[in-house]
Amino acid sequence: MTVPAHQPLFAFAGHRLLARGKAAEVVAAVKAATDGGETVLAFDAADGRVVDLDLRGDLAAVLARLTPASGPEKRGPGRPKLGVTAREVTLLPRHWDWLAGQPGGASVALRKLVEGALREAERPDRARQAKEATYRFMTAIAGDLPGYEAATRMLFAGDGAGFAAAVEGWPEGVRETAREMAAGAWGEGERVSGAFSCDQPVTG
């Protein structure tokens with residue numbers, strides 16, 4: 001699996017939080033722990049999936065296999081600052097008539113409608129993504145911990161208080177990571193990708 005060097009990850013040795021931050025910072029701790037005989041799981045901080053790191057060779061070789069950050073996106077001709085793309089839209093005559101009467105014309109009206117729909121869908125989408133990411137993480141690392149089933153029920157029920165109570169007895173690293181990841185499920189915080197700051201890597 002190709003992993004971007006800037007991708008936020010967090011890693012656990014058993015139930016102990018080993019490191020979190022950018023992949024380029026986390027792999028050093030993962031490599032050292034693995035070479036020392038520990039079993040380590042690395043997770044994508046954005047979606048909770050287990051990341052398969054290629055740890056063959058020395059640390060320099062491992063780091064060299066990470067994908068460097070991509071450069072600025074190149075845009076074609078047109079309105080490069082806005083990134084406007086022209087595509088065909090099929091509507092009924094009454095739809096075109098209504099759009100033509102809107103301030104700014106059809107393009108402006110359509111953009112406003114799409115932006116409004118995006119804002120309306122953002123919150124439930126964020127909650128769903130947080131639930132799915134947290135569930136993946138918990139299933140991989142906490143499936144044998146007491147309260148796992150209750151935590152899962154509370155997560156998908158959207159019960160933040162119940163979830164926090166269910167994971168209270170878990171090892172600190174697992175508990176706090178699960179709570180941070182699930183925060184977006186009930187609108188109490190950012191998605192997981194923002195919960196783990198790449199500017200403040202943590203190693204344990």
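Keep in mind it's a predicted model, so treat the numbers as computed, not measured. Residue indices begin at 1 and follow the sequence shown.
Taking every heavy atom of both residues into account, V51 and Q7 meet most closely at CG2-NE2, 4.2 Å. Nearest heavy-atom pair, P4 versus A23, reported as atom, atom and distance to 0.1 Å: O-CB, 3.4 Å. Shown here for A185 and A130, the closest heavy-atom pair between the two residues is N-CB, 3.5 Å. The nearest pair of heavy atoms linking A46 to A133 is O-CB, 4.0 Å. The two atoms that bring A11 and V26 nearest to each other are CB-CG1, 4.0 Å, heavy atoms only. For the residue pair K31 and L59, the shortest heavy atom distance occurs at CE-N, 4.3 Å.
For A109, the side-chain contact (heavy atoms from CB on, under 4.5 Å) criterion is met by L99, Q102, not counting sequence neighbours. Applying the salt bridge (charged side-chain N to carboxylate O under 4.0 Å, His left out) criterion to R153, with sequence neighbours excluded, gives no partner residue. Not counting sequence neighbours, the partners of R179 by the salt bridge (charged side-chain N to carboxylate O under 4.0 Å, His left out) test are E168, E176.
Using a 4.5 Å heavy-atom threshold, the side chains of V27 and L63 count as touching.
Expressed to the nearest 0.5 Å, how far CZ of F12 lies from CG of L17 amounts to 4.5 Å. Rounded to the nearest 0.5 Å, atoms NZ (K131) and OG1 (T152) are 12.5 Å apart.
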Ignoring hydrogens and angles, write down the donor-acceptor pairs under 3.5 Å from the side chains of residues 136-146, residues two or more places apart or on other chains.
| from | atom 1 | to | atom 2 | distance (Å) |
| --- | --- | --- | --- | --- |
| R136 | NH1 | D47 | O | 2.7 |
| T139 | OG1 | Y135 | O | 2.8 |
| T139 | OG1 | Y148 | OH | 3.0 |

Can you give each donor-acceptor pair under 3.5 Å made by side-chain atoms of residues 32-39, sequence neighbours left out, with the distance rounded to 0.1 Å?
| from | atom 1 | to | atom 2 | distance (Å) |
| --- | --- | --- | --- | --- |
| T34 | OG1 | V30 | O | 2.8 |
| E38 | OE1 | R16 | NH2 | 2.7 |
| E38 | OE2 | R16 | NH2 | 3.2 |

Side-chain atoms of residues 88-97: list all donor-acceptor pairs with protein atoms under 3.5 Å, sequence neighbours left out, distances to 0.1 Å.
| from | atom 1 | to | atom 2 | distance (Å) |
| --- | --- | --- | --- | --- |
| H95 | ND1 | L92 | N | 3.2 |
| W96 | NE1 | L91 | O | 3.4 |

- Task: Please lay out, stage by stage, how F10 and T177 fare under the test side chain to side chain contact (heavy atoms under 4.5 Å, CB included).
- Result: CA-CA 9 Å; F10 52 92; T177 300; 3.7 Å; yes
- Message: Checking D125 against R128 for the side chain to side chain contact (heavy atoms under 4.5 Å, CB included) test, could you report, in this order, the C-alpha distance in whole Å, the side-chain angles of both residues, the deciding distance, and whether it holds?
- Response: CA-CA 5 Å; D125 283 349; R128 175 183 54 79; 4.0 Å; yes
- Task: Let me see the working for E180 and R20 under salt bridge (Lys or Arg N to Asp or Glu O under 4.0 Å), right down to the final yes or no.
- Result: CA-CA 13 Å; E180 288 184 56; R20 74 185 192 188; 3.4 Å; yes
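No donor-acceptor pair under 3.5 Å is formed between the side chain of R49 and the backbone N or O of F43.
For residues 162-185, every residue pair satisfying the ring-ring contact (aromatic ring centres under 6.0 Å, His included) rule, not counting sequence neighbours, is listed here: F163-W186.
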